[in-house]
K.L.:
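The structure under discussion is supplied below as structure tokens; questions concerning it will follow.
Chain naming here is simple, since letters A, B, ... match the order of the sequence lines and numbering starts at 1 in each. Below, each value reflects all heavy atoms present in this structure, side chains not excepted, and no hydrogens, waters or symmetry copies.
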Number of protein chains: 2
Amino acid sequence: MSRTDYPVYLQLRDRLWDWIEDEKLSSQQKLPSERELSERFSTTRVTIRQALSQLEAEGLIFRSNRRGWFVTPERLRYDPSRDIGFTRYVTEQGFRPRTETLFKQLTEAPKWLSEATGLPEGTPVYHIFRRRYVNERGLLVEHNYINPQHCPGLLSESTDLSIWQMFKEKYNRVPDHRDIEIYPLALKGLEADSLGVNQGTAGLYIQRLSHDQEGEFLELDREYWLHDALKISVHVGGRH
Amino acid sequence: MSRTDYPVYLQLRDRLWDWIEDEKLSSQQKLPSERELSERFSTTRVTIRQALSQLEAEGLIFRSNRRGWFVTPERLRYDPSRDIGFTRYVTEQGFRPRTETLFKQLTEAPKWLSEATGLPEGTPVYHIFRRRYVNERGLLVEHNYINPQHCPGLLSESTDLSIWQMFKEKYNRVPDHRDIEIYPLALKGLEADSLGVNQGTAGLYIQRLSHDQEGEFLELDREYWLHDALKISVHVGGRH
DNA sequence: AAGTGGTCTAGACCACGTG
DNA sequence: ACGTGGTCTAGACCACTTT
């Protein structure tokens, strides 16, 4: 160990986590209030909050709005290279999925979208904004930008289920190849508000750009996940 | 906007970032001291630190040990599904790579490694721990666990270059398929210390488990990246 | 030796969520 | 209405980096 001392907030982190395990607090259960914790551990609220933030960074606890601190559930496994729907892979892992459509609209492709997809600027595209839950905790929000050529009348459909299923069944379109981007970021603005987290909460960004066999743009998907919510798992190469 | 107020530290974040852009501070340049900043913006150090932490979470600035705050360089693009070496893809993007081997040793496979790879517990494996730099900023540390069957005498080789290149040229082994895991975590202990960052700094974990054509275990790679250092970019499906 | 970031105290007020 | 988490102040000491 190259550190010379072991600061109070890290000691508190350990004691706090031991305490949580002793109390057998389980997934989604609420911790006592910060004032109560700071008394129990004989320190100030500022320091207890440092310890709580440490556990939050490690993904062991999370906070919701001004409601308090909770024990983080197990991470969801997720393979962005496959196209089975959210509902299905959540269910397969024994969790309860839920999807809420926050808005859907027909807009004109802005510059960044045109650059990413090759569509001419101003082309009409569907834009769907959804929030996804697992066991009633909102884990991500998602922007879908969809080529309306391949699925006219989408706005009248229910978008609370898998878009891919609809693509396949109703419009007979299947994605052929994907460009995927992944990186950590801070959740801000609309995305933070929609997930009920503070500005600057750690998140993970996943973007999927899908084309069909003929190289035509099908869909662009921009997902904003809570940092502690998922574990990406991908298999590449070899036989499938 | 659903928020009713706009807290001081978020206003400071904006003003601070504007100031950085005005001053044309570039990649890796140092910000003034926290005390100087808190005077310049007429607030306390605690609040200025909140603003700085916000910019840190967004990946716009980073801190190094007790040395201060710096402007974050552009993210490195990285495709974990390909097996071109670090040195090559960093150079291709116009940056200067550097690799430092912190230790290498022959050990016996512990339980978790045996479970991940299928090797019997206690099998001898090479364990290499390296730190990788881009433009003299340490971006990640990496544990390599290598099947010694396929590359006897590895410890005598220099491991500051690509392991894959050595595999191919000297031992005629090529990875066939990979299982990749990716998730955000907090950098702690050895990993945090080796990168010179605080305990709990946001990071990204990337694990690659590689097998050859005959399904034999080649290598397990566990990478701990700074959260602001990379952008993962993968292409799947279609023809290559 | 001086200055820095990291840590910690002991308060305070406010907006919001929950009863 | 109350208690909560979120924010903010004005100090302080220490270990470490830099000069």
K.L.:
Reckon T47(B) has a side-chain N or O less than 4.0 Å from the OP1 or OP2 of dT7(D)?
P.N.:
no
K.L.:
Given dA12(D), dG6(D), dT4(D), identify the nucleotide with an atom nearest to the side chain of S33(A).
P.N.:
dT4(D)
K.L.:
Write down the distance between OH (Y9(A)) and C1' (dT7(C)), rounded to a whole number of angstrom.
P.N.:
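To the nearest whole Å, that distance equals 8 Å.
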K.L.:
For R35(B) and L31(A), take the nucleotide of DNA chain D holding the closest heavy atom to each; which residue's nucleotide lies nearer the 5' end?
P.N.:
L31(A)
K.L.:
With sequence neighbours excluded, tell me which residues meet side-chain hydrogen bond (donor to acceptor under 3.5 Å, both in side chains) with T91(A).
P.N.:
none
K.L.:
Is R67(B) near enough to dT18(D) that one of its side-chain N or O atoms lies under 4.0 angstrom from OP1 or OP2?
P.N.:
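So the side chain of R67(B) is within the cut-off, an N or O lying under 4.0 Å from OP1 or OP2 of dT18(D).
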K.L.:
Can R137(B) be said to sit on top of F62(B)'s aromatic six-ring, NZ or CZ under 6.0 Å from centre and within 45° of the ring axis?
P.N.:
yes
K.L.:
Find the distance L12(B):CG to dT9(D):P and express it as a whole number of Å.
P.N.:
8 Å
K.L.:
Any side-chain N or O of R63(B) below 4.0 angstrom from OP1/OP2 of dT4(C)?
P.N.:
no
K.L.:
Choose from dG5(C), dT9(C), dT9(D) the nucleotide whose nearest atom is closest to any side-chain atom of T43(A).
P.N.:
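The listed nucleotide nearest to T43(A)'s side chain is dT9(C).
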K.L.:
Of the candidate nucleotides dG5(C), dG5(D), dT9(D), which contains the atom at the shortest distance from the side chain of R66(B)?
P.N.:
dG5(C)
K.L.:
Mind checking R49(A) for me? I need base, sugar-phosphate or nothing, with any heavy atom below 4.0 Å counting as a touch.
P.N.:
base
K.L.:
OP1, OP2 of dC8(D) versus side-chain N and O of T44(B): anything below 4.0 Å?
P.N.:
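For T44(B), the contact criterion (side-chain N or O under 4.0 Å from OP1 or OP2 of dC8(D)) is not met.
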K.L.:
Nearest to the side chain of R45(B), heavy atoms from C-beta on, is which of dA12(C), dC8(D), dG6(C)?
P.N.:
dG6(C)
K.L.:
Take atom CG of D193(A) and atom P of dA15(C), then tell me their distance rounded to the nearest Å.
P.N.:
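Taking atom P of dA15(C) as the reference, CG of D193(A) is at 17 Å.
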K.L.:
Whole angstrom is fine here: how far is it from CD1 in I48(B) over to C1' in dT4(C)?
P.N.:
15 Å
K.L.:
May I have the distance from Q54(A) (atom CD) to dG6(C) (atom C1'), rounded to whole angstrom?
P.N.:
13 Å
K.L.:
Atom CD of E56(B) to atom P of dG5(C): distance rounded to whole Å?
P.N.:
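In whole Å, dG5(C) P and E56(B) CD are 13 Å from each other.
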K.L.:
Taking only N and O in the side chain of N198(B), is any of them less than 4.0 Å away from OP1 or OP2 of dG6(C)?
P.N.:
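Indeed, a polar side-chain atom of N198(B) lies that close.
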K.L.:
Applying side chain to side chain contact (heavy atoms under 4.5 Å, CB included) between L230(A) and each of I232(A), L226(A), D228(A), report the one that passes.
P.N.:
I232(A)
K.L.:
Pick one: which of E191(B), R130(B), Q207(B) meets side chain to side chain donor-acceptor pair (under 3.5 Å) with H143(B)?
P.N.:
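The residue from E191(B), R130(B), Q207(B) that satisfies side chain to side chain donor-acceptor pair (under 3.5 Å) with H143(B) turns out to be E191(B).
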K.L.:
Starting at CG of L10(B) and ending at C1' of dG6(D), how long is that distance when rounded to a whole Å?
P.N.:
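One finds 11 Å between C1' of dG6(D) and CG of L10(B), rounded.
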K.L.:
Between dG6(D) atom C1' and N65(A) atom CG, what is the distance in whole Å?
P.N.:
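Rounded to whole Å, this separation is 11 Å.
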K.L.:
If you assign each of V8(A) and E34(B) to its closest nucleotide in DNA chain C, which residue comes earlier from the 5' end?
P.N.:
E34(B)
K.L.:
Going by salt bridge (charged side-chain N to carboxylate O under 4.0 Å, His left out), R45(B) matches just one of E36(B), E34(B), E39(B). Which one?
P.N.:
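Looking at E36(B), E34(B), E39(B), the match for R45(B) under the salt bridge (charged side-chain N to carboxylate O under 4.0 Å, His left out) is E34(B).
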